[in-house]
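Protein chains get the first letters and strands the later ones, always in sequence-line order, with residue 1 at the start of each.
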2 protein chains.
Amino acid sequence: MRLLIYRFLAEKQVAVTLSDIENAFDKADRTTLYRTIKTFEEKAIVHQIDDGTGITKYALCEKGCNCEIETDLHLHFHCNNCNETVCLTAHKIPQIKVPKGFVSENVNLVVKGICDKCSGH
Amino acid sequence: MRLLIYRFLAEKQVAVTLSDIENAFDKADRTTLYRTIKTFEEKAIVHQIDDGTGITKYALCEKGCNCEIETDLHLHFHCNNCNETVCLTAHKIPQIKVPKGFVSENVNLVVKGICDKCSGH
DNA sequence: GCACTAATGCACTTCCATTGCATGCGTTAA
DNA sequence: TTAACGCATGCAATGGAAGTGCATTAGTGC
């Protein structure tokens, strides 16, 4: 089961919602998928993405994806056209300056727009 | 009613959830507050913030807060300690580079950590 | 006062995230 | 061989937030 879910995530190049997984595995129960994902999260196999659609998505952690590190520098791109969210691990987030007294531990950056597939390039 | 809500938002220096407003106005109905906020949003009086807690928050737009512009460069700080989210309008977001084929329309940047109140400075 | 519009309140629905409880299955220990 | 245990799975139910339809009330202009 977990292997199947892992492969599903590996094939998908985009972040998926729980519903996506649910639809892909009709046989399995919501709860199982949910808990599997949670397990993956704990083991730092996948990471959670909040792209502003209100639905949490998940994506496999790749090389260079240091989710476990506190100063996580993730960049996610959400397409307003196809509604897909991709993980741009190659693009690092520039250092963000915060005012005095503030301590930065984590940065979440979501860029919205049109993705490469939809823009036609 | 709307004036009361406006004043409430003005007093608060942090972004608030619908529940926060609801608690502050026991007399009023949820729907009224909800629709009032929506109206404010349309009129660009407040803007919505998604700080990753899963609950959408709202904050007054200030001078220099160009929510209405597509290339909205907002920086929000979410404190992991007191769970409050503040709007750092003074801090602009640096230009984000996206890969070829991607078109950036909107940027959402949330920094998490410890705020000035909680860090003791 | 009358009519019209805007604002408010109530009830209901939907959607997603999460949890409690029961079941099944494989492994270990008596 | 069997009893006990841990773990994965499934079903059902809960809770919280967002959103909507409809009736009622409050204003506003005439």
Side-chain angles (χ1 to χ4, degrees), chain A residues 1-10 12 14-60 67 76 78 80 82-85 106 108 110 112, chain B residues 1-10 12 14-60 67 76 78 80 82-85 106 108 110 112:
Chain A
M1 190 74 251
R2 298 190 174 183
L3 280 173
L4 288 175
I5 296 176
Y6 183 85
R7 287 198 199 112
F8 175 74
L9 289 170
K12 288 277 189 181
V14 298
V16 297
T17 66
L18 260 186
S19 307
D20 291 338
I21 307 178
E22 205 179 339
N23 292 335
F25 299 92
D26 293 343
K27 327 103 192 179
D29 187 72
R30 257 188 81 79
T31 318
T32 303
L33 304 173
Y34 173 73
R35 287 201 250 249
T36 303
I37 284 291
K38 284 294 168 191
T39 307
F40 282 179
E41 244 191 300
E42 286 169 16
K43 305 294 180 187
I45 297 173
V46 303
H47 64 265
Q48 207 172 332
I49 302 171
D50 181 9
D51 60 5
T53 53
I55 308 167
T56 50
K57 296 184 177 178
Y58 303 92
L60 277 186
C67 322
H76 295 117
H78 176 76
N80 291 326
C82 63
N83 210 33
E84 282 190 347
T85 300
N106 193 285
N108 181 23
V110 178
K112 298 191 182 184
Chain B
M1 190 74 251
R2 299 191 173 183
L3 279 174
L4 288 175
I5 296 176
Y6 183 86
R7 286 198 201 113
F8 175 73
L9 289 171
K12 288 275 188 182
V14 297
V16 296
T17 66
L18 261 186
S19 307
D20 291 338
I21 307 178
E22 204 179 335
N23 292 334
F25 298 93
D26 292 344
K27 329 102 193 178
D29 187 73
R30 254 195 56 249
T31 318
T32 303
L33 305 173
Y34 172 73
R35 287 201 250 250
T36 303
I37 284 290
K38 284 294 168 193
T39 307
F40 282 179
E41 245 191 299
E42 285 169 18
K43 305 294 179 186
I45 297 172
V46 304
H47 63 266
Q48 210 172 330
I49 302 171
D50 182 9
D51 60 4
T53 53
I55 308 166
T56 50
K57 297 184 177 179
Y58 303 90
L60 277 187
C67 323
H76 295 117
H78 176 76
N80 291 325
C82 63
N83 209 32
E84 284 190 346
T85 300
N106 193 284
N108 181 23
V110 179
K112 299 190 183 185

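Not counting sequence neighbours, B/R35 has no partner by the salt bridge (charged side-chain N to carboxylate O under 4.0 Å, His left out) test. Residues passing the side chain to side chain donor-acceptor pair (under 3.5 Å) test with A/D50, sequence neighbours excluded: none. Scanning for side-chain contact (heavy atoms from CB on, under 4.5 Å) contacts around B/A59 gives B/A15, B/H47, B/I49, with sequence neighbours left out. For B/T31, the side chain to side chain donor-acceptor pair (under 3.5 Å) partners are B/D29, not counting sequence neighbours. Partners of A/R2 by side chain to side chain donor-acceptor pair (under 3.5 Å), not counting sequence neighbours: none found. In this structure, the side-chain contact (heavy atoms from CB on, under 4.5 Å) partners of B/T53, at least two apart in sequence or on a different chain, are B/D51, B/I55, B/K57, B/H78, B/N83. Checked against side-chain contact (heavy atoms from CB on, under 4.5 Å), A/F8 has the following partners two or more places apart in sequence or in another chain: A/K12, A/V16, A/I21, A/A24, A/F25. Judged as a side-chain contact (heavy atoms from CB on, under 4.5 Å), and not counting sequence neighbours, the contacts of A/I45 are A/Y6, A/F40, A/K43, A/L60.
DNA chain D is contacted by no residue of residues 50-57 of chain A, taking any non-hydrogen atom closer than 4.0 Å. DNA chain C lies under 4.0 Å from at least one heavy atom of each of the following residues of residues 25-34 of chain A: A/R30, A/T31, A/Y34.
Along DNA chain D, read 5' to 3', the first and last nucleotides having any atom under 4.0 Å from a heavy atom of chain B are D/dA17 to D/dC22.
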Considering only nitrogen or oxygen atoms on both sides, find all protein atoms under 3.5 Å from nucleotides 23-26 of chain C and state each distance.
none

